[in-house]
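Only one structure is covered here, and it is reproduced in the block below.
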Amino acid sequence: MHSESLLEINGLKTWLRSGGKDVHAVDGIDLKIKKGETLCLVGESGSGKSITALSIIQLLPQRISQHPAGSILFDYRDLSDHHETLDMLKQPESKLCEIRGSRIAMIFQEPMTSLNPVFTVGEQISEALRLHHLDLTEEQAFEKAAIALEQVQIKNAKARLKDYPHQLSGGQRQRVMIAMAIACEPDLLIADEATTALDVTVQAEILKLMRELQERRGMSILFITHDFGVVAEMADRVAVMQAGKIVEQGSLDAVLHHPQHEYTRALLAALPHNLDKPFKVEKISSKTLIETKQLQVYFPVRAGFLRRTVDHIRAVDDVDMTIKKGEIVALVGESGCGKTTLGRAILRLTEPTGGKVYFSDDEITGLSRSAMKAYRREMQIVFQDPMSSLNPRLTVATMLTEPMAVHGIGKSQKERLALAHDLLEQVQLPGDYLWRYPHEFSGGQRQRIGIARALVLNPEFIVCDEVTSALDVSVQAEILKLLLKLRAERGLSLLFITHDIAVVEYISDRTLVMYQGKVVESGTTEQVCQSPKHAYTQKLISAVPSLSAY
């Protein structure tokens, strides 16, 4: 093993048992991580990135996994600072338990499922400390846990030790995961999509924090991501993974600016700022399709034994907006700013508590459920998570034909099935997928089904709620092109809710910026993204990781 290396992976194969077959999840890879460097491992879902990470710390279930070849050599340092090279594949469980958390730590992708909901933050961090430092008293462990929380810039750290995970925001939970990972001062930190679900401003803070901790402690980082903006911010070197193999690796500059492998070039070409707009709309109609006037959605805050209303959360607070026929309007802002609530209020899926909503000059805010039925056909929504929004017990055929039957589209089930078949092909899925269930599709395919379900009634207006946030860049590019194609062909109007500024610049005509329930800035997308006026918009734009500086 090279003296500069902290970790060397040689010819590693990880096979997983699934349905009586061996899946070659990691298929003969070579990787090297030097002391104090950040290696970014990039690739699409299913490429083997997370399986590689779990192989390093041997967290895969033994009954379904095996390593038929390879070695994972780690420069192990014990508490007395003695070094020895260990092959992680050959260590007993007792030694692995000693290494995990203390010498190699991991931040998992979803902090809410990684933190135990029945223990406080302090209990979870102090448990990790006492596991590897047997001489620590409970009081000392809690003191060190508070220091770890202060290092990840959580305010009132001692008080927050008593909080449970559900009492923290997404960004705070991710900071707790980092605090837990760094508490024992590991030599290698593995971050598996650690910023994927975070707002851009929180993501910027987390990335800055990780760089500072790395500089202070000389720590190595294996950063797993599919976001090339994050790669540009973090990486010293980059490795690109496809179908269980490393297809390219090199310095940040070499991989981003001089990619050698066609897969790397395809990934970079799929980034929104590299995409061509294939379907142009020469002129947006002057006719207003959607309008809100002083729209409000307030949620009561109840307290006391009698649960009296003591205050209100102003999720949407006096919002005026318009969307023209055939126009794509982006609505951007951080989690909790009211974007989704505004979209749902326009569709009357969440009832407004004040103000008015107009559809083609008709006020729809006061309409009864039966009176809204005619408008439901014209106004649809594509949800953020296609898996939870599709009924797992229904075939695609049932999902698409039931709304048609309710609204009297098609004279017979045979005719409705023919329409559904054509609609699947419009969203670039084979027509014979009608008879499949949601679990049989990938994330990108499920999102296409969600779009098909929204289109099935031939609506004029669709709310797209973070429809690309969980998708790989190549799948995201396909979905964005599909939406532009449908807009050009059908004259659709879209309210595109997102926190991804790169996507906003690619797809939208106008952009609204939302902050604490209010629209603080609006204008053409070019104007808002290139010359933001409001301080919050400026903060949002400046926090976006970009490839342009690299």
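None of the values given here were measured: they were computed from a predicted structure.
- The stretch residues 519-545 participates, sequence neighbours left out, in these ring-ring contact (aromatic ring centres under 6.0 Å, His included) pairs: Y515-Y536.
- Considering all non-hydrogen atoms of both residues, R103 and P186 come closest at O-CB, 3.6 Å.
- No side-chain heavy atom of F496 sits less than 4.5 Å from a side-chain heavy atom of S508.
- Contact annotation: the side chain of L486 approaches that of I451 to within less than 4.5 Å [non-hydrogen atoms, C-beta and beyond].
- Taking the side-chain hydrogen bond (donor to acceptor under 3.5 Å, both in side chains) definition, one finds that K287 meets it with S360, sequence neighbours left out.
- More than 12 heavy atoms of other shown residues, nucleotides or ligands fall within 6.0 angstrom of atom CD in Q167.
- Ion pairing between a basic and an acidic side chain is recognised when a charged N comes within 4.0 Å of a carboxylate O; D30 and K245 show no such pairing.
- One N or O on the side chain of K339 and one on the backbone of G333 form a donor-acceptor pair closer than 3.5 Å.
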### Task
List the steps, then state whether side chain to side chain donor-acceptor pair (under 3.5 Å) holds for E248 with T264.
CA-CA 8 Å; E248 182 166 357; T264 313; 2.8 Å; yes
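- Within the 3.5 Å criterion, the main-chain N or O of K324 finds a donor-acceptor partner in the side chain of E327.
- Donor-acceptor pairing under 3.5 Å is recorded for the side chains of T14 and S55.
- Listed by chain and number, the residues in a side chain to side chain contact (heavy atoms under 4.5 Å, CB included) with K162 amount to none (sequence neighbours excluded).
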### Message
Walk me through whether E505 and H273 qualify under side chain to side chain donor-acceptor pair (under 3.5 Å).
### Response
CA-CA 8 Å; E505 290 184 285; H273 65 265; over 6 Å; no
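- Here the shortest heavy-atom pairing between L540 and V544 reads O-CG2, 3.4 Å.
- A distance-only check finds no donor-acceptor pair linking the side chain of R100 to the backbone of M106 [under 3.5 Å].
- Counting only distance, with no hydrogens or angles, the side chain of R453 and the backbone of V382 share no donor-acceptor pair below 3.5 Å.
- Remark: I313 pairs with F299, V301 by the side chain to side chain contact (heavy atoms under 4.5 Å, CB included) rule, at least two apart or across chains.
- For the side chain to side chain contact (heavy atoms under 4.5 Å, CB included) test with L331, the passing option among T511, V463, L342, D465 is L342; the others fail.
- Residues forming a side chain to side chain contact (heavy atoms under 4.5 Å, CB included) with L275 (at least two apart in sequence, or on another chain): A477, K481, Y506.
- One finds a salt bridge joining E233 and R211 here, because a Lys/Arg side-chain nitrogen approaches an Asp/Glu carboxylate oxygen to under 4.0 Å.
- Scanning for side chain to side chain contact (heavy atoms under 4.5 Å, CB included) contacts around E478 gives R448, with sequence neighbours left out.
- Using modelled atom types, no side-chain atom of S493 and backbone atom of F461 make a donor-acceptor pair closer than 3.5 Å.
- Judged by distance alone, the side chains of T350 and T341 never bring a donor and an acceptor atom under 3.5 Å apart.
- Q294 meets the side-chain hydrogen bond (donor to acceptor under 3.5 Å, both in side chains) test with no other residue; sequence neighbours excluded.
- Of the possible polar contacts, one joining the Q538 side chain to the P532 backbone as a donor-acceptor pair under 3.5 Å is found.
- Between the side chain of E215 and the main chain of E212, no donor-acceptor pair closer than 3.5 Å is present.
- Y263 and H261 have perpendicular rings, their planes meeting at more than 60° on a 0 to 90° scale where under 30° would count as parallel.
- Here the closest non-hydrogen pair linking L252 and A232 is CD2-O, 3.8 Å.
- Residue pairs satisfying the ring-ring contact (aromatic ring centres under 6.0 Å, His included) criterion with at least one member in residues 322-357, sequence neighbours excluded, are absent.
- Judged as a side-chain hydrogen bond (donor to acceptor under 3.5 Å, both in side chains), and not counting sequence neighbours, the contacts of R490 are Q426, N458.
- Scored by the side-chain hydrogen bond (donor to acceptor under 3.5 Å, both in side chains) test, K325 finds E460 as partners (sequence neighbours excluded).
- Side-chain atoms of E291 and T322 include no donor-acceptor pair closer than 3.5 Å.
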### Message
With salt bridge (charged side-chain N to carboxylate O under 4.0 Å, His left out) as the criterion, how do E37 and R237 come out once you've worked through the C-alpha distance, each side chain's angles and the decisive distance to 0.1 Å?
### Response
CA-CA 8 Å; E37 83 164 347; R237 288 190 306 114; 2.8 Å; yes
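- Residue pairs meeting the salt bridge (Lys or Arg N to Asp or Glu O under 4.0 Å) criterion with at least one member in residues 511-526, sequence neighbours excluded, are D317-K518.
- A side-chain donor-acceptor contact under 3.5 Å links R265 to the backbone of P259.
- From I346, atom CD1 reaches atom OG1 of T292 across 6.0 Å, with rounding to the nearest 0.5 Å.
- Annotation: side chain of Q445 is in contact with side chain of L429 (closest heavy-atom distance under 4.5 Å).
- No side-chain heavy atom of S220 sits less than 4.5 Å from a side-chain heavy atom of Q214.
- Here the CD1-CG distance, from I224 to D192, works out to 4.5 Å after rounding to the nearest 0.5 Å.
- Taking the ring pair (Phe, Tyr, Trp, His ring centres under 6.0 Å) definition, one finds that F441 meets it with Y433, sequence neighbours left out.
- Side chain of D509 to backbone of T525: no donor-acceptor contact under 3.5 angstrom is found.
- A donor-acceptor pair is defined here as one N or O able to donate and one able to accept, closer than 3.5 Å; no such pair exists between the side chain of T225 and the backbone of E193.
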